[in-house]
There are 2 protein chains.
Amino acid sequence: MSKRRGPSLKTATAPELGAYTHICDAIALLFRPYAEVVLHDLTTETVVYLANPFSKRELGEPSLLHEIDFKPSDIIIGPYEKVNWDGRRIKSVSAVLRSDDKAIGILCINVDVSHFHAVMQTLNALVSVPQIAEKPVSLFKEDWHERINEYIQSWTRERGLSISEMNRVQKQQLVTDLAGDGAFGGRNAAAYISRVLGLGRATVYNYLKRKDPV
Amino acid sequence: MSKRRGPSLKTATAPELGAYTHICDAIALLFRPYAEVVLHDLTTETVVYLANPFSKRELGEPSLLHEIDFKPSDIIIGPYEKVNWDGRRIKSVSAVLRSDDKAIGILCINVDVSHFHAVMQTLNALVSVPQIAEKPVSLFKEDWHERINEYIQSWTRERGLSISEMNRVQKQQLVTDLAGDGAFGGRNAAAYISRVLGLGRATVYNYLKRKDPV
DNA sequence: GACGAAAAAGTCCAAATTGGACTTGACGGT
DNA sequence: ACCGTCAAGTCCAATTTGGACTTTTTCGTC
């Protein structure tokens, strides 16, 4: 019945946490391809198992628990929202695993909700009535990925274009406009924008240089 | 209240059909950006008005009514499904406009359902249980766009990749496999595949040549 | 079934883009 | 202040690209 799934998980021998790896697999299989499950060993504070990984986590890496401000008394942490390295939005929960009341591990479930956001956008475009002043809303966005996404969306909507059908000139113009509004401030913003626009990172820098030939 | 919408419609002076142009606009506005409305003049058999155009129709072009096997006795034609020049799927209805019982025009509404197909795919991936043999289903697909889409989907799913994150080698491999299964048979298939893979048309031919250096 | 027009298939190349390796710079922890 | 790490930005040979081009196929008409 249970097939060995080759490329979609990463294994390492684990202590008494071994029993939990199947739970990780089960969850990942159920929600495939949207869920990633990460098993942390608290004694070593490293990642000991990955099912359907899409973050850049690797086996044996430090768990970076402080990022989710984990306290040993916690039972469940979250749900909370993160941004993946490639800008996709992830919704997560973590459960603390105990043996004899001692915390030995953490099982962390990460769900990629980006496709569902796309769904909401499609439906929202159908349902919503065009608003005149929605600027204030966007100012509240904390994460610059979101701000850039919205900027690009409104930029393209205004001209009735979509990223995939834009030619070089139009993309260069968009890059220039983004730069003009300081979109390249966030860390890794250049890399992110280049990925979103379907350009090479080098190309983005070329465009920027071409517009600012100091 | 009513704003002039500049770039999103194309106008030509029309006879007594003029009254219908506002209806076209109204429908297009309501379903924007998913609906395109085309007004045909039956006396000249040409397109006289376009609201929110996304097909490549132009004003003054012949209506090509036989494509939808129009008979003057019809009141409503469809709904039926078409494939847009870029592979997007379109759902259409047409209403025959009459004056004194004489057919004078056709009002044709085209809805771009491709985004909704994407929505269904996202939800389907969440809901459905992996099937082993679904081949028979896909054999029934008549339109080669669909067949290619499915081929690419299962190809990428098998390897846990997505088109946007594939490198050149992987894309070349996919092109080769597509060619091996005769995917380049349909008309315009090469152009379509190149667009879907985010490659230039020339590049696809390069790949094909590189694999078949007769 | 031949003919011509129009579309698609395929070729070609100068110019643009790219991945990847590199150098430089910025930040954070100790 | 120092060091290690990661992002910013530069650079270049290899690859890809748009667009113009030629050849082939398709299709409607006679």
Side-chain angles (χ1 to χ4, degrees), chain A residues 45 55-58 61-62 64-67 83-87 144-145 148 161 163-176 178-179 182-214, chain B residues 45 55-58 61-67 69 83-87 144-145 148 161 163-176 178-179 182-214:
Chain A
E45 295 224 346
S55 63
K56 276 184 164 163
R57 287 297 181 76
E58 293 291 343
E61 268 190 354
L64 306 173
L65 296 172
H66 51 88
E67 279 190 1
V83 177
N84 207 26
W85 62 272
D86 55 5
W144 57 262
H145 292 97
I148 289 177
L161 299 170
I163 287 172
S164 54
E165 63 192 6
M166 271 160 52
N167 61 31
R168 320 227 238 226
V169 183
Q170 295 168 321
K171 285 188 179 175
Q172 174 156 3
Q173 185 57 51
L174 174 48
V175 168
T176 309
L178 277 163
F184 287 85
R187 0 188 55 203
N188 248 341
Y192 179 69
I193 290 173
S194 71
R195 198 154 359 87
V196 170
L197 297 193
L199 300 171
R201 209 166 55 96
T203 310
V204 171
Y205 284 116
N206 282 342
Y207 287 169
L208 291 176
K209 214 185 300 182
R210 221 171 291 176
K211 217 47 180 183
D212 266 348
V214 184
Chain B
E45 295 224 349
S55 63
K56 276 183 162 163
R57 289 296 182 74
E58 294 289 343
E61 268 189 355
S63 299
L64 307 173
L65 297 172
H66 51 90
E67 281 191 1
D69 59 81
V83 177
N84 207 26
W85 61 273
D86 54 5
W144 57 263
H145 292 97
I148 289 178
L161 298 170
I163 287 172
S164 54
E165 64 193 4
M166 272 160 52
N167 62 31
R168 320 226 238 226
V169 184
Q170 295 167 321
K171 285 187 179 176
Q172 173 157 4
Q173 185 57 51
L174 174 49
V175 168
T176 309
L178 277 164
F184 286 86
R187 25 183 33 209
N188 248 341
Y192 179 69
I193 289 173
S194 71
R195 199 157 355 89
V196 170
L197 296 193
L199 299 172
R201 209 165 57 97
T203 309
V204 172
Y205 284 116
N206 283 341
Y207 288 169
L208 291 176
K209 214 184 300 179
R210 222 171 291 175
K211 216 49 180 184
D212 265 347
V214 185

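Just so you know, these numbers use all the heavy atoms, side chains as well, and skip hydrogens, waters and symmetry mates. All values derive from a computational prediction rather than experimental measurement.
Partners of B:Q173 under the side chain to side chain donor-acceptor pair (under 3.5 Å) rule, at least two apart in sequence or in another chain, are B:D177. The side chain to side chain donor-acceptor pair (under 3.5 Å) test applied to A:S164 returns A:S162, not counting sequence neighbours. Shown here are the side chain to side chain donor-acceptor pair (under 3.5 Å) partners of B:S55, two or more places apart in sequence or in another chain: B:E36. Annotation: side chain to side chain donor-acceptor pair (under 3.5 Å) contacts of B:N206 (sequence neighbours excluded): none.
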Can you give the donor-acceptor pairs under 3.5 Å from side chains of residues 185-192 of chain A to other protein atoms, not counting sequence neighbours?
| residue | atom | partner | partner atom | Å |
| --- | --- | --- | --- | --- |
| A:Y192 | OH | A:N149 | OD1 | 2.8 |
| A:Y192 | OH | A:N149 | ND2 | 3.3 |

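When rounded to the nearest whole Å, the span between CH2 of A:W85 and C1' of D:dA7 equals 15 Å. One interatomic measurement links the two molecules: CD1 of A:I193 to P of D:dA7, which rounds to 15 Å at whole-angstrom precision. The separation between A:Q172 atom CD and D:dG18 atom C1' is 16 Å, rounded to whole Å.
The heavy-atom pair separating A:I163 from A:K171 by the smallest distance is O-CE, 3.6 Å.
At the phosphate of D:dT16, OP1 or OP2 sits under 4.0 Å from a side-chain N or O atom of B:Y207. Side-chain nitrogen and oxygen atoms of A:R210 include at least one within less than 4.0 Å of the OP1 or OP2 phosphate oxygen of C:dT17.
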Task: Contact pattern, 5' to 3', of nucleotides 3-10 of chain C - B, S or - by protein heavy atom under 4.0 Å - done: -----SSB

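Within the 4.0 angstrom heavy-atom criterion, base atoms lie near A:N206.
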